[in-house]
Structure formats: C-alpha cells, structure tokens
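Take a look at the structure below.
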Protein chains: 2
Amino acid sequence: MTAPPSPELSPDPQTPPPAPYASPCTCFQVRRAARIITGRYDAALAPLGLRITQFSVLAHLVQQPVPLTALAEMLVMDRTTLTRTLKPMLAAGWVTTEADPTDRRIKRAQLTETGLALFEQAVPLWRDTQRAVKDHLGRDFVRDLHDRLTTVWETLSAAP
Amino acid sequence: MTAPPSPELSPDPQTPPPAPYASPCTCFQVRRAARIITGRYDAALAPLGLRITQFSVLAHLVQQPVPLTALAEMLVMDRTTLTRTLKPMLAAGWVTTEADPTDRRIKRAQLTETGLALFEQAVPLWRDTQRAVKDHLGRDFVRDLHDRLTTVWETLSAAP
DNA sequence: TATACAACATTGTATATGCAATTAATAAAT
DNA sequence: ATTTATTAATTGCATATACAATGTTGTATA
C-alpha cells in the first residue's frame with residue numbers, strides 16, 4: 001500500500017504551525033471560524049450564565065410564543081437539536097412550553113418573566129460583541145462576510 | 001418589567017420563514033453556514049463511515065506521526081476536544097498512539113495501514129465535495145470566502 | 001369507520017466542543 | 001536535592017449537533 005501523501009491537505013510538519021495555515025478545505029475553514037466566533041460570543045454572555053445559542057432562542061421568542069417546529073426552522077437547526085437546546089433553558093425557568101388546545105401535537109415555547117429579563121440584560125453584551133467584531137474586522141468586511149455566509153446557506157440548502 | 005422587544009434580532013413571526021432570513025448576528029451566520037457545509041462533507045464521506053472532522057485528522061497524519069498537542073494546534077481545536085475526537089478513531093484502528101521515549105509525557109499519533117487506506121479512499125470523495133461546493137458558489141466566491149474566514153481566525157485569535 | 005398517511009415531538013446513539021480540575025512527567029529555581 | 005513551575009494528557013461536566021427509531025395525534029382515504 002504505497003501512500004500518495006496529499007501535501008495540500010496538511011501544513012508542512014517541519015514548521016509546526018502556531019500560525020494558522022490556510023487550509024484548502026472549505027469545511028475546515030468555516031468550522032474553525034465558527035469555533036472562534038462562538039467563543040467570543042459565549043465569553044461575552046458567560047457572566048449571565050448564557051450561551052449564544054440560547055440567546056438566539058430567547059431572541060426568537062420575544063415577540064410571542066412560537067411552535068417548536070417553526071422555532072427550529074427559524075433557528076435553522078435540526079428539530080431534535082432544538083429539543084436538547086431547550087432542555088436546560090426549561091430547567092432554568094427561562095422558557096416554558098404549552099400545548100396548543102386545538103392541536104395537541106403542537107407545543108409552543110414562550111419566554112418567562114425571568115427569561116425576558118435575562119434577554120434584556122444580554123442584549124447589550126451581544127451588541128458589544130457585534131461591535132467589537134466589526135471594529136476588529138471592519139464594517140465592510142463583516143457586511144460582505146454576512147452576505148457570503150447567507151449565500152452559502154441559501155445555495156447549498158437549495159442545491160441537490 | 002416592560003419589554004423593549006428587539007425586532008432586529010428575530011424575523012417577522014407573522015411571516016414564518018421557510019426562507020432563511022439574514023440574521024444580523026455574525027455568530028449565528030457562521031454557525032449556520034458551518035452546519036450546512038459540514039452536512040455536505042459528512043454526507044459525502046458517510047459511505048466510508050468517516051466524518052469530515054476525522055478526515056481532517058487523518059490528513060494531518062499522512063506525512064508522519066505528530067505529537068497530540070501539535071496536532072491539536074494544527075487542527076485549531078481544543079486539546080481536550082482532540083482527545084475525544086481521537087477516541088473512536090483509535091477504537092476503529094485507523095490511528096495509534098505511541099509514547100515518546102525521551103519524554104514520556106508526549107504521545108504521538110500515527111496512521112495505521114487501515115487508516116491510510118481509508119484516507120486514500122476518502123480523498124476523492126473530499127475532492128468531489130470541494131468541487132461541488134465550488135461549482136455551486138463559484139470559484140471566486142469560494143476563494144474570497146476562504147480568505148475572509150482565514151482573516152476572521154487570524155484577527156480574532158490575535159485580538160484581545 | 002377502519003386504515004393508511006402525515007405531522008409533531010421525544011429518545012437512543014454517537015460525535016463535536018470547550019472549560020475546569022486532575023494526574024503525570026519534565027524543567028527551573030532556590 | 002528539594003521545592004516550584006511548566007507542560008502533556010486525560011476526565012468530569014455541560015452543551016451542540018444530527019440521524020434513526022418511536023410514540024402520539026391529526027387527516028385523508030378506501
């Protein structure tokens with residue numbers, strides 16, 4: 001079994017990279033970026049015991065109660081992932097669920113008083129982080145990044 | 001507790017979005033893109049029982065054995081995450097670890113014959129996926145996306 | 001109406017992720 | 001040489017992620 005090593009897939013190991021090398025793998029790139037950005041947002045919200053994923057959920061419930069499947073669609077996450085995501089939030093008393101009287105299959109999630117208060121505390125921290133990221137990377141850079149990431153989602157979720 | 005709902009944080013719930021709305025949250029954007037891209041790559045590698053994260057690990061071991069901490073740095077993942085990532089790969093016999101004789105703290109990971117063969121089978125599938133993504137999004141688009149994602153990583157890992 | 005089908009939700013299983021704490025081994029300092 | 005600090009690795013804990021399978025409820029159909 002002779003190995004055709006794929007040098008383009010890994011950095012030169014003679015120069016072990018403290019400096020991040022430009023991987024050719026799109027998946028690696030976007031996951032890496034997601035990790036560091038998530039770390040930023042999570043760190044900013046940590047004083048409230050909140051994570052950015054949970055913050056997203058709260059943000060989508062501010063207006064009114066939302067059926068769980070619709071909520072998962074809004075958040076663009078797997079339906080089963082939402083169930084797990086919601087679990088600690090229910091335990092913390094930030095969110096409650098109520099059954100739809102007319103269709104007992106449907107459950108709606110809604111904010112509690114505690115959840116709303118927490119969200120209001122979190123918004124400024126979220127905003128600060130948004131601003132910090134924008135300051136570091138530049139307004140135009142971030143806008144273009146957003147556009148491209150949205151395009152990635154739209155294109156790949158539509159494509160076969 | 002009167003609520004100042006933050007309309008910019010959630011889509012209009014009167015128009016429940018099957019169409020993905022453009023969230024203003026950079027973190028949400030990049031995580032969403034990471035989810036769909038990861039799904040693509042995982043699906044492509046699934047016939048081999050391999051995930052894209054595992055493929056990345058294999059790719060970094062093709063040249064020669066790598067100490068685990070250095071491997072985690074190459075992969076830009078938390079050191080403890082690497083331990084968990086490696087676990088099923090060790091169990092599957094794709095990778096082994098060996099202690100450094102001169103420094104017994106250090107463990108090196110290296111490919112097995114099986115792991116190398118698997119990697120060689122996986123490379124074409126990875127390449128196909130790369131090409132498919134490029135075809136869908138456009139070569140220039142992907143190149144610019146890569147550049148920006150690398151910049152995100154470099155900038156935010158350096159910034160305070 | 002009995003049956004098939006579709007929609008909603010959860011649970012089992014498995015990996016992904018990272019912080020805090022722990023253990024072990026080496027290096028540095030007194 | 002003993003103490004101290006550093007480095008390498010793992011484990012505990014908690015959340016993030018999604019596929020497959022299951023149970024429940026509503027709808028459509030024969």
Side-chain angles (χ1 to χ4, degrees), chain A residues 16 27-28 30-43 45-47 49-57 66-73 75-92 94 97-109 157, chain B residues 16 27-28 30-43 45-47 49-57 66-73 75-92 94 97-109 157:
Chain A
C27 189
F28 179 85
V30 69
R31 289 176 71 87
R32 181 174 70 175
R35 283 200 292 271
I36 191 159
I37 291 180
T38 300
R40 284 278 167 152
Y41 282 78
D42 276 348
L45 298 176
L50 191 65
R51 299 197 175 209
I52 185 61
T53 308
Q54 300 170 331
F55 176 80
S56 280
V57 174
V66 179
L68 295 186
T69 294
L71 183 57
E73 282 175 18
L75 295 165
V76 195
M77 64 166 61
D78 189 271
R79 177 62 190 82
T80 68
T81 300
L82 178 60
T83 297
R84 323 286 172 137
T85 299
L86 238 35
K87 194 174 178 186
M89 302 181 71
L90 293 165
W94 303 336
T97 57
E98 52 176 11
D100 184 319
T102 69
D103 186 341
R104 277 176 303 172
R105 290 175 303 181
I106 299 175
K107 283 167 79 173
R108 283 192 177 78
S157 56
Chain B
C27 190
F28 179 84
V30 70
R31 290 177 71 88
R32 182 175 69 174
R35 282 199 293 271
I36 192 159
I37 291 181
T38 299
R40 285 277 167 153
Y41 282 78
D42 277 349
L45 297 176
L50 190 65
R51 299 196 174 210
I52 185 60
T53 308
Q54 301 171 329
F55 176 80
S56 279
V57 173
V66 180
L68 295 185
T69 295
L71 183 57
E73 283 175 17
L75 294 165
V76 196
M77 64 167 59
D78 190 271
R79 176 62 189 82
T80 69
T81 300
L82 178 61
T83 297
R84 324 288 172 134
T85 299
L86 238 34
K87 195 173 178 185
M89 302 181 72
L90 292 165
W94 303 336
T97 56
E98 53 177 8
D100 184 319
T102 68
D103 187 341
R104 279 176 301 172
R105 290 173 303 179
I106 298 175
K107 284 167 81 174
R108 282 192 178 76
S157 55

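In this text the structure is predicted, and so the values were computed from the model without any measurement. Convention: sequence-line order gives letters A, B, ...; per-chain numbering from 1.
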### Message
Determine whether a donor-acceptor pair (N or O, by modelled atom type, separation under 3.5 Å) exists between the side chain of B/R31 and the backbone of A/T53.
### Response
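Absent.
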#### Entry: Whether B/D42 side chain and B/I52 backbone form a donor-acceptor pair below 3.5 Å
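Yes, because the side chain of B/D42 sits within donor-acceptor range (under 3.5 Å) of the backbone of B/I52.
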Over all strands shown, is [X] touching base, sugar-phosphate only, or nothing at heavy-atom distances under 4.0 angstrom?
| X | value |
| --- | --- |
| B/T69 | sugar-phosphate |
| A/T80 | base |
| A/P88 | sugar-phosphate |
| B/R84 | base |
| A/R35 | sugar-phosphate |
| B/T81 | base |

### Message
Quick one about A/T83 and A/R79 (side-chain donor to acceptor, distance below 3.5 Å, no hydrogens or angles considered), yes or no?
### Response
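There is such a pair between these side chains.
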Give the rounded distance in Å between these two atoms: [atom1] of [X] and [atom2] of [N].
| X | N | atom1 | atom2 | answer |
| --- | --- | --- | --- | --- |
| B/K87 | D/dT11 | NZ | P | 7 Å |
| A/R79 | C/dT11 | CZ | C1' | 12 Å |
| A/E73 | C/dA9 | CD | P | 10 Å |
| B/D103 | D/dT6 | CG | P | 17 Å |
| A/D78 | C/dC8 | CG | P | 14 Å |
| B/M77 | D/dA9 | CE | C1' | 16 Å |
| B/L50 | C/dA14 | CG | C1' | 14 Å |
| A/R105 | D/dT25 | CZ | P | 10 Å |

Does [X] have a side-chain nitrogen or oxygen under 4.0 Å from the phosphate oxygens OP1 or OP2 of [N]?
| X | N | value |
| --- | --- | --- |
| A/R104 | D/dG26 | yes |
| B/R31 | D/dT17 | yes |
| A/K107 | C/dT10 | yes |

### Message
To the closest 0.5 Å, what do you measure between CG (A/L75) and CG (A/L68)?
### Response
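Nearest 0.5 Å value for the CG-CG distance: 10.5 Å.
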### For C/dT3, the Watson-Crick or wobble partner whose two distances fall under 3.5 Å
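Matched C/dT3 with D/dA28 under the 3.5 Å cut-off.
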### Query
Of A/T83 and A/G39, whose nearest nucleotide on DNA chain C comes first from the 5' end?
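Closer to the 5' end of DNA chain C: A/T83.
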#### Entry: Worked verdict on B/W94 versus B/V57 for side-chain contact (heavy atoms from CB on, under 4.5 Å)
CA-CA 10 Å; B/W94 303 336; B/V57 173; over 6 Å; no
